[in-house]
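Reading through the structure tokens given below for one structure.
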Amino acid sequence: EAQWKSIIAEVRTHYKGQIYWALPFTEASLDTPFTFLQDVDGIYLLWSAKLATNPGATKTDYANEAGRLLDNEIAPLTAIVKKPVLLAIAYPAATGAATECIADGKGGCLDLNLLSRPNADIASASLSLQTQADIYEAMLTAVNARAWITGFISRGYYPPAALQDKSTSIHSKPAADILWY
């Protein structure tokens with residue numbers, strides 16, 4: 001705590017802009033907030049949460065689970081630290097993205113980061129542009145119902161090329177159209 005408070009204070013002597021703390025979300029990981037969060041301007045919440053346990057779940061199911069997680073896991077933190085929250089989401093365009101289990105071809109699940117460039121394509125993972133779009137639509141539904149979330153960011157955007165691949169990049173994918181709208 002003391003070390004982070006000192007680092008943040010030092011950064012503020014050189015940088016006059018806003019400082020956000022990147023906080024990875026895992027369910028029940030935010031039980032005890034760090035007191036140094038009082039010294040930052042907001043929370044950049046890294047979100048790739050499991051939105052379903054059933055592979056046949058719908059967009060409504062995803063939105064309901066996202067809302068439950070936001071209300072039960074994130075809202076209490078924001079009530080304590082009283083800082084803006086930017087939700088920074090990343091979901092690959094692959095079957096199983098909502099359940100956090102994309103088939104690895106051996107009966108297990110892949111690390112979602114392995115689907116992004118510059119990594120090679122993984123044949124065991126099935127491309128599903130619609131799954132990614134459905135997740136984005138569901139997340140926006142959940143976020144729009146919660147005024148205390150101050151921003152929505154898509155992580156993993158790959159600007160050099162419009163890839164129709166399994167990565168988290170939404171560049172030229174249906175999920176980008178949802179954000180545009």
- Message: For N144 and F152: C-alpha separation, side-chain torsions, deciding distance, then whether side chain to side chain contact (heavy atoms under 4.5 Å, CB included) applies.
- Response: CA-CA 10 Å; N144 287 335; F152 188 91; over 6 Å; no
- Query: Of all residues at least two apart in sequence or in a different chain, which pass the ring-ring contact (aromatic ring centres under 6.0 Å, His included) check with Y157?
  - Reply: H171
Check residues 173-181 and write down every donor-acceptor pair under 3.5 Å in which the side-chain atom is one partner and the other belongs to a residue at least two apart or another chain.
residue, atom, partner, partner atom, Å
K173, NZ, D165, O, 3.0
K173, NZ, D165, OD1, 3.0
K173, NZ, S167, O, 2.9
K173, NZ, S167, OG, 3.4
K173, NZ, S169, O, 2.7

- Under 3.5 Å: donor-acceptor pair, side chain of N64, backbone of T60: yes
- Query: Does Q132 use its side chain to pair, donor to acceptor, with the backbone of A94 at less than 3.5 Å?
  - Reply: no
- Trace of the salt bridge (Lys or Arg N to Asp or Glu O under 4.0 Å) decision for D71 with R146: CA-CA 9 Å; D71 292 342; R146 287 155 182 86; 2.8 Å; yes
- Item | Closest approach of L46 to R155 (non-hydrogen atoms, all atoms of both residues) | CD2-CD, 3.6 Å
- Query: How far apart are the C-alpha atoms of D39 and W4, what are their side-chain angles, what is the distance that settles it, and do they pass the side chain to side chain contact (heavy atoms under 4.5 Å, CB included) test?
  - Reply: CA-CA 9 Å; D39 297 342; W4 280 115; over 6 Å; no
- Assess whether side chain to side chain contact (heavy atoms under 4.5 Å, CB included) is satisfied between L51 and D61, documenting all intermediate values. CA-CA 8 Å; L51 299 178; D61 297 329; over 6 Å; no
- Message: Would you compute the distance between atom CD1 of I8 and atom NZ of K5 and round it to the nearest 0.5 angstrom?
- Response: 7.5 Å
- Report whether L87 and I170 are members of the same hydrophobic cluster (ILVMFWY, side-chain heavy atoms less than 4.5 Å apart, transitive linking). yes
Could you go through residues 17-24 and list every donor-acceptor pair under 3.5 Å that involves a side-chain atom there, pairing it with any protein atom two or more places apart or in another chain?
none

- Task: Would you sort out whether I122 and L115 count as a side chain to side chain contact (heavy atoms under 4.5 Å, CB included), showing the intermediate values?
- Result: CA-CA 7 Å; I122 298 175; L115 297 174; 4.2 Å; yes
- Heavy-atom side-chain proximity of T141 to Y62 below 4.5 angstrom: no
- Linked, directly or transitively: L127 and L114 (ILVMFWY side chains, under 4.5 Å): no
- Item | Flag side-chain contact, heavy atom, 4.5 Å: I7 against F36 | no
- Message: Looking only at side-chain N and O atoms, does D134 offer a donor or acceptor that is under 3.5 Å from a partner on T131?
- Response: no
